[in-house]
Amino acid sequence: MIYCLTGKIVKKSMNAVVLSCGGVGYYAQCPASVAGALPGVGKEATIYTVMSVTENDVSLYGFATEQQQACFELLTSVSGVGAKVGLAILSVMEPDRVALAISAGDHKAFKSASGVGPKLAQRIVLELKDKVAKGFVDGISLEDVAGASADTPATQGSSQAIAALVSLGYSQSEAALAISKIDPTLPVEEIIKLALRSMAAGRR
């Protein structure tokens, strides 16, 4: 298996990159988000890869980070999620957002990706929730999301803050992501205020 490639970028588009390594040009399909993360044509770059070998095809998929690479492999382990859908999800969601959406049970977050309908979105959350809880996505687990199993005062405060944000129209994963960046020992009112300020700044 080819884990990563380092070489000069020969060609780059919104959904693919060609990397020249040792005189060989490797064509890798990639999420739309990767194109913006990589340097321009003629520059040296490293992409993290996943190779798919079938009876009729050999395909290479490239990612800007190891987190994207791991998340792609996690997503494509779900029944009904092929490479095309995995790339589509990572084109609109970063790995931490994927993990938080799964942890929070927010299947609606995946419907923004091309090719993901309600049933498939629910299956992704159902099949991956336990894996994400065990930390299969680097640095993200259920413990990062308020409402996790530990029934501490801080967790209770975060849970209350998330519930308040959801009642204001934010999705569970949006609320969880904002809350995860705030000190959970603060008063609930202060957590909500800081989260609202953070999300308002992010939407500008």
Side-chain angles (χ1 to χ4, degrees), residues 1-54 56-78 81-103 106 109-116 121 124 128 131-132 135-141 144-145 171 173-174 176-178 180-182 197-204:
M1 176 182 173
I2 301 174
Y3 181 78
C4 66
L5 292 168
T6 298
K8 185 178 292 185
I9 296 177
V10 176
K11 188 176 181 180
K12 186 174 73 166
S13 68
M14 284 299 292
N15 55 15
V17 61
V18 178
L19 211 61
S20 178
C21 307
V24 178
Y26 292 88
Y27 175 88
Q29 298 177 63
C30 59
S33 57
V34 169
L38 294 176
V41 173
K43 302 290 186 179
E44 187 170 284
T46 296
I47 60 172
Y48 298 90
T49 59
V50 174
M51 179 179 283
S52 172
V53 181
T54 65
N56 301 313
D57 182 57
V58 177
S59 295
L60 196 63
Y61 303 99
F63 307 93
T65 66
E66 290 176 283
Q67 288 75 24
Q68 287 182 330
Q69 178 193 48
C71 192
F72 177 79
E73 292 184 303
L74 187 72
L75 288 167
T76 52
S77 71
V78 175
V81 178
K84 185 177 180 180
V85 171
L87 292 175
I89 291 172
L90 287 172
S91 290
V92 297
M93 299 172 71
E94 288 297 319
D96 60 345
R97 179 71 190 279
V98 170
L100 283 165
I102 292 168
S103 297
D106 183 15
F110 294 96
K111 290 167 64 179
S112 60
S114 176
V116 181
I124 290 170
L128 296 184
K131 291 183 179 181
V132 171
F136 277 28
V137 177
D138 290 358
I140 300 292
S141 71
D144 295 315
V145 182
S171 71
S173 58
E174 280 181 318
L177 182 58
S180 70
K181 299 174 183 176
I182 299 170
R197 190 179 301 163
S198 170
M199 289 188 286
R203 290 186 173 187
R204 287 175 187 170

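- Partners of T65 according to the side chain to side chain donor-acceptor pair (under 3.5 Å) rule, which considers only residues two or more places apart in sequence or in another chain, do not exist here.
- Between A16 and C30, the shortest heavy-atom contact is N-SG, 3.5 Å.
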Determine whether N15 and L87 satisfy the following criterion, side-chain contact (heavy atoms from CB on, under 4.5 Å), listing intermediate values before the conclusion.
CA-CA 9 Å; N15 55 15; L87 292 175; over 6 Å; no
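- Rounded to the nearest 0.5 angstrom, D106 CG and K111 NZ are separated by 10.5 Å.
- The shortest distance between side-chain heavy atoms of I2 and Y26 falls below 4.5 Å.
- Panel note: side chain K12, backbone P39; a donor-acceptor pair is recorded below 3.5 Å.
- When every heavy atom of L60 is checked against every heavy atom of Y27, the shortest pair comes out as CB-O, 3.6 Å.
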Walk me through it: do V92 and F110 pass the test side-chain contact (heavy atoms from CB on, under 4.5 Å)?
CA-CA 9 Å; V92 297; F110 294 96; over 6 Å; no
Steps toward side-chain contact (heavy atoms from CB on, under 4.5 Å) verdict (V17, L38):
CA-CA 9 Å; V17 61; L38 294 176; 4.2 Å; yes
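- Across all non-hydrogen atoms, the minimal contact from A83 to F72 is O-CE1, 3.6 Å.
- Taking CG of L74 as the reference point, atom CD1 of I102 lies at 6.0 Å (rounded to 0.5 Å).
- In this structure a side-chain-to-backbone donor-acceptor pair under 3.5 Å is missing from S114 to A88.
- Of the inter-residue distances, the one linking M93 atom CE with S33 atom OG reads 11.5 Å to the nearest 0.5 angstrom.
- Atom CG of L90 is separated from atom OH of Y61 by 13.0 Å, given to the nearest 0.5 angstrom.
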Check the pair I9, L19 against side-chain contact (heavy atoms from CB on, under 4.5 Å), reporting the backbone distance first and the verdict last.
CA-CA 5 Å; I9 296 177; L19 211 61; 3.6 Å; yes
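- Side-chain contact check for E66 and Y3: at least one donor-acceptor pair (N or O, by modelled atom type) lies under 3.5 Å.
- L100 contributes atom CG, which lies 5.5 Å from atom CG of L177 (distance to the nearest 0.5 angstrom).
- Residues A37 and A64 approach most closely at CB-CB, 3.9 Å, considering heavy atoms.
- Using a 3.5 Å distance cut-off with no hydrogens or angles, the side chains of T54 and N56 do not pair a donor with an acceptor.
- C21 and L5 get closest at one heavy-atom pair: SG-CB, 4.0 Å.
- Taking 4.5 Å as the limit, some side-chain heavy atom of I89 sits within range of a side-chain heavy atom of I124.
- Atom CE of M14 is surrounded by 12 or fewer heavy atoms from other residues, nucleotides or ligands within 6.0 Å.
- Residues V41 and K11 share a closest heavy-atom pair of CG2-CA, 4.3 Å.
- With values rounded to the nearest 0.5 angstrom, S77 atom OG is found 7.5 Å from L75 atom CG.
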